[in-house]
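Along the sequence shown, residues are numbered consecutively beginning with 1.
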Amino acid sequence: MKFNLIDRENWDRNQYFEHYLNQKCTFSISANIDITILLERLRNKGIKLYPSFIYMVSKTVNSHSEFRTCFNDEGVLGYWDQMIPSYTIFHEDNKTFSCIWTEFSNEFCVFYKNYQEDIKQYGVVKGLFTKENEPKNSFPISSIPWVSFTGFNLNINNDGDFLLPIITGGKYFNLEDRTLLPISLQVHHAVCDGYHASTFLDELQHLSNNCHKWLT
């Protein structure tokens, strides 16, 4: 996957980037996504929510270069053409988790097939990173399906230069006649502002509302 270098001298965000990078400034935002329509359609099709959530998040990340911007191994700033999800799976027997990754496709049926194959092969394998050769163009997704949180913050001590988004889903809950899913998005202010965070959440809601267009 191609890594596109950013010409920082002619980059219109460079002033903001340098300011917030030097401050090591990150922020997180939590919001509830209405998944009423999505959940009903998933149940009718016998499809699980978690891979659908991973798909929606990945599709949104891949729609905006701000969420794909990072430093490469040489410390040069750029953005990937496409990102793939690296996500956590839970082991019920010993209450541990593993991180695996799945090749992404804009076609949900293709991604879902890839996900099912990975879960079949790695779902019971214990360890932190159980699927080897994780591509460099991956980003983290996790789930805390036991609690409907109102806020969540993950702290990474990486010299303040981890620029990719970190997305966490919680336990969905019912409010009146709607089903809501708490989502936490953590970003680095050097590459993302409040506008980008709100766009991320808005597009997740749009995908949920219009799941009939991609959930085939």
Can you give each donor-acceptor pair under 3.5 Å made by side-chain atoms of residues 38-46, sequence neighbours left out, with the distance rounded to 0.1 Å?
| unit_1 | atom_1 | unit_2 | atom_2 | d |
| --- | --- | --- | --- | --- |
| Arg43 | NH2 | Tyr172 | OH | 3.3 |
| Asn44 | ND2 | Glu40 | O | 3.3 |

Glu107, CD: over 12 other non-hydrogen atoms inside 6.0 angstrom: no
Joint hydrophobic cluster, Val110 plus Ile100, side-chain heavy atoms closer than 4.5 Å: no
Side chain to side chain, Leu154 and Thr168, heavy atoms closer than 4.5 Å: no
Sidechain-backbone polar pair: Thr69 side chain, Ser65 backbone, donor-acceptor under 3.5 Å: yes
ILVMFWY cluster, Ile35 and Trp214 together (side-chain gap under 4.5 Å): yes
Atom of Trp101, atom of Asn133 and distance for their closest heavy-atom approach: CZ2-O, 3.4 Å
Nearest-0.5 Å distance that lies between atom CD in Gln82 and atom CD in Glu103: 8.0 Å
Between CG on residue Leu175 and OG1 on residue Thr36, distance to nearest 0.5 Å: 9.5 Å
Exam field: side chain Ser138 to backbone Pro135, donor-acceptor pair closer than 3.5 Å: yes
Spatial distance of atom CE (Met83) from atom NE2 (His64) [nearest 0.5 Å]: 14.5 Å
Distance, nearest 0.5 Å, that separates CD1 of Ile119 from NZ of Lys131: 9.5 Å
Side chain to side chain contact (heavy atoms under 4.5 Å, CB included), paired with Cys70, selected from Phe162, Phe139, Tyr79, Phe3: Phe3
Hphob cluster co-occupancy, Val61 + Val191, side-chain heavy atoms under 4.5 angstrom: no
Reported OG-to-CG distance for the pair Ser63 and Leu207, which is rounded to 0.5 angstrom: 7.5 Å
Worked verdict on Asp34 versus Arg178 for salt bridge (Lys or Arg N to Asp or Glu O under 4.0 Å): CA-CA 7 Å; Asp34 188 335; Arg178 314 305 290 173; 2.9 Å; yes
Ile29 side, atom CD1; Phe152 side, atom CZ - distance, nearest 0.5 Å: 15.5 Å
Validation row: Lys126, His91 side chains within 4.5 angstrom (heavy atoms): yes
Under 3.5 Å: donor-acceptor pair, side chain of Ser98, backbone of Gly127: yes
For the student: nearest non-hydrogen atoms of Phe111 and Pro51, plus distance: CE2-O, 3.4 Å
Contact summary for Gln205 and Asn32, nearest pair of heavy atoms: OE1-O, 4.4 Å
Main-chain N/O of Glu9 paired to Asn14 side chain as donor or acceptor, under 3.5 Å: no
Pairwise side-chain contact, Asn106 with Asn62, heavy-atom cut-off 4.5 Å (strictly under): no
Validation row: Ile84, Asn137 side chains within 4.5 angstrom (heavy atoms): yes
His196 to Phe67 - nearest heavy-atom pair and separation: O-CZ, 3.3 Å
Set of side chain to side chain donor-acceptor pair (under 3.5 Å) partners for Ser30, sequence neighbours left out: none
Heavy-atom check, side chain of Asp193 versus side chain of Arg13, under 4.5 Å: yes
Cluster overlap Leu204 with Ile144, hydrophobic side-chain contacts below 4.5 Å: yes
Steps toward salt bridge (Lys or Arg N to Asp or Glu O under 4.0 Å) verdict (Lys59, Glu203): CA-CA 9 Å; Lys59 188 170 178 62; Glu203 293 194 8; over 6 Å; no
Over 12 foreign heavy atoms within 6.0 Å of CZ, Phe97: no
Beyond-backbone contact of Phe200 with Val187, side-chain heavy atoms, under 4.5 angstrom: no
Lys136 side chain near Asn72 side chain, heavy-atom distance below 4.5 Å: no
Thr60 side chain reached by Leu201 side chain, heavy atoms, under 4.5 Å: no
Cluster overlap Met1 with Phe71, hydrophobic side-chain contacts below 4.5 Å: no
side-chain contact (heavy atoms from CB on, under 4.5 Å) between Ile47 and Phe108, intermediate numbers included: CA-CA 11 Å; Ile47 297 174; Phe108 176 75; 4.0 Å; yes
Under 3.5 Å: donor-acceptor pair, side chain of His19, backbone of Asn22: no
Asn4 side chain vs Gly78 backbone, donor-acceptor pair below 3.5 Å: no
Any donor-acceptor N/O pair, Ser148 side chain to Lys171 backbone, under 3.5 Å: yes
Expected output: side-chain His188 to main-chain Ala190 donor-acceptor under 3.5 Å: yes
Pair Asn153, Asn155: side-chain N/O donor-acceptor within cut-off below 3.5 Å: yes
Pair Phe90 and Trp146, ring centroids less than 6.0 Å apart: yes
Option among Tyr50, Tyr87, Tyr112, Phe104 that satisfies the ring pair (Phe, Tyr, Trp, His ring centres under 6.0 Å) test with Tyr55: Phe104
Donor-acceptor contact present, side-chain Lys95 to main-chain Glu92, <3.5 Å: yes
